[in-house]
Amino acid sequence: MPTPQKTLIDLEKKFWQSMVNQDTDTALEMLSEPSLMVSAQGAMSFDHASYRKMAEQGKMIVTSFELSDVAVVFPNDATAIVTYHVKQSVAPRGESKATQQEMNDSSTWVKNGKGWQCVMHTETPAEAAPTKH
C-alpha cells in the first residue's frame, strides 16, 4: 500500500498527465467544485464547466512536464499540501513548437466522499538561480 505522501504525489502527476493527454474528464474527477487558482494571470475561481472550457479551448497546451523537489504536508487527515518545482513545455494549441517554462507550484488537496480532490493550485515563475561571485 502506498504511503499517503506517495498517493498525493501520484495524484499530482496524474493531473499533469491529464493535461498533456488533453483528458479533461480525468482532470475533472480530481478537481473540487469550485476550485481556485493563482497564477501570473491573477487569482480565479472556476467550476467544472469553466475548467472544461479552459482545458479544451484555451490558447496554450501543456506538452510535457517534470516535477522535482516535491514535498507533501498533511495539516490534518483530510487536507494535503503539495509543493514542487516543475519544468513544463507549453505550445500554442495546434502548433508543435513548445516553449520550456520553470515554475514553483503548490496544490491543496482535500479528502471527501469522492477521495482526494484538488481545491487550490498556485504557480509562480521560477527565477534563475543567482550567480555567485
Side-chain angles (χ1 to χ4, degrees):
M1 185 163 173
T3 65
Q5 288 82 1
K6 182 172 182 343
T7 297
L8 270 295
I9 293 168
D10 288 349
L11 282 170
E12 196 73 35
K13 289 179 181 177
K14 182 179 178 181
F15 192 90
W16 275 91
Q17 192 61 50
S18 77
M19 290 189 294
V20 170
N21 295 346
Q22 298 183 45
D23 180 0
T24 307
D25 291 336
T26 294
L28 290 175
E29 290 172 8
M30 293 185 280
L31 284 174
S32 178
E33 191 171 34
S35 292
L36 301 171
M37 185 169 78
V38 177
S39 69
Q41 289 76 40
M44 65 183 297
S45 174
F46 55 90
D47 60 14
H48 284 181
S50 298
Y51 180 83
R52 182 176 296 281
K53 184 175 180 183
M54 286 187 295
E56 295 177 358
Q57 299 173 23
K59 293 179 182 172
M60 301 297 284
I61 59 169
V62 176
T63 60
S64 68
F65 70 95
E66 179 185 336
L67 307 185
S68 61
D69 302 323
V70 182
V72 182
V73 296
F74 293 90
N76 59 50
D77 291 343
T79 307
I81 300 168
V82 183
T83 62
Y84 52 92
H85 182 86
V86 62
K87 290 181 182 178
Q88 61 189 20
S89 294
V90 297
R93 186 175 297 280
E95 295 183 24
S96 60
K97 185 171 172 134
T99 303
Q100 184 92 355
Q101 298 175 337
E102 292 195 37
M103 306 290 234
N104 295 309
D105 288 14
S106 70
S107 296
T108 301
W109 295 79
V110 294
K111 194 173 193 178
N112 58 30
K114 298 176 182 178
W116 287 103
Q117 290 190 309
C118 186
V119 67
M120 170 81 174
H121 181 76
T122 69
E123 62 178 23
T124 303
E127 294 183 13
T131 54
K132 296 183 179 181
H133 298 349

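All values derive from a computational prediction rather than experimental measurement.
Listed by chain and residue number, Asp23 satisfy the side-chain hydrogen bond (donor to acceptor under 3.5 Å, both in side chains) test with Thr26 (two or more places apart in sequence, or in another chain). With sequence neighbours excluded, the residues satisfying side chain to side chain contact (heavy atoms under 4.5 Å, CB included) with Ser39 are Met37, Gln41, Glu123. Scored by the side-chain hydrogen bond (donor to acceptor under 3.5 Å, both in side chains) test, His121 finds Asp105, Ser107 as partners (sequence neighbours excluded). For Lys6, the side-chain hydrogen bond (donor to acceptor under 3.5 Å, both in side chains) test picks out Asp10, with sequence neighbours left out. Residues satisfying the side chain to side chain contact (heavy atoms under 4.5 Å, CB included) test with Pro125, not counting sequence neighbours, are Met103. Listed by chain and number, the residues in a side-chain hydrogen bond (donor to acceptor under 3.5 Å, both in side chains) with Ser106 are Thr122 (sequence neighbours excluded).
Of all heavy-atom pairs spanning Ala80 and Phe74, the tightest one is CB-CE2, 3.6 Å. In terms of heavy-atom proximity, Met30 sits nearest to Trp109 at O-CZ3, 3.7 Å. Smallest separation of non-hydrogen atoms from Val70 and Val82: CG1-CG1, 4.0 Å.
Looking at Ser18 and Asn21, their side chains never bring a donor and an acceptor atom within 3.5 Å of each other.
For the atom pair OG (Ser89) and CZ (Phe65), the distance works out to 11.0 Å, reported to the nearest 0.5 Å.
Pairs of residues two or more places apart, or lying in two chains, never qualify as salt bridge (Lys or Arg N to Asp or Glu O under 4.0 Å) while including a residue from residues 26-47. Within the structure, no pair that satisfies the salt bridge (Lys or Arg N to Asp or Glu O under 4.0 Å) test touches residues 62-87, not counting sequence neighbours. Sorted by first then second residue, the salt bridge (Lys or Arg N to Asp or Glu O under 4.0 Å) pairs that include residues 95-104, not counting sequence neighbours, number zero.
Residues Thr108 and Thr79 have side chains in contact (heavy-atom distance under 4.5 Å, counting atoms from C-beta outward). Two residues are said to be in side-chain contact when any heavy atoms from C-beta on lie closer than 4.5 Å; Pro75 and Ile81 meet this criterion.
Summarising the hydrophobic clusters (Ile, Leu, Val, Met, Phe, Trp, Tyr; side-chain heavy atoms under 4.5 Å, direct or chained), the residues clustered with Met120 are Leu36, Val38, Val110, Val119. Hydrophobic clustering, defined by side-chain heavy atoms of Ile, Leu, Val, Met, Phe, Trp and Tyr closer than 4.5 Å, leaves Ile61 isolated from every other such residue.
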Between Trp16 and Val86, is a side-chain contact (heavy atoms from CB on, under 4.5 Å) present by the stated rule, with each step listed?
CA-CA 10 Å; Trp16 275 91; Val86 62; 3.9 Å; yes
So Ile9 and Val72, side-chain contact (heavy atoms from CB on, under 4.5 Å) or not? Walk me through it.
CA-CA 8 Å; Ile9 293 168; Val72 182; 3.8 Å; yes
Enumerate donor-acceptor pairs with a distance under 3.5 Å from any side-chain N or O in residues 53-60 to protein atoms, sequence neighbours excluded.
from, atom 1, to, atom 2, distance (Å)
Glu56, OE2, Thr24, OG1, 3.1
Glu56, OE2, Arg52, NH1, 2.9

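Remark: side-chain polar atoms of Ser32 are not paired, donor with acceptor, to backbone N or O of Gln117 under 3.5 angstrom. In this structure, the side chain of Ser35 does not engage the main chain of Leu31 through any donor-acceptor pair within 3.5 Å.
Taken together through direct or relayed side-chain contacts under 4.5 Å among Ile, Leu, Val, Met, Phe, Trp and Tyr, Leu8 and Val73 form parts of separate hydrophobic clusters.
Checking Lys13, Gln88, His85 one by one against Leu67, the side-chain contact (heavy atoms from CB on, under 4.5 Å) holds for a single residue, Lys13.
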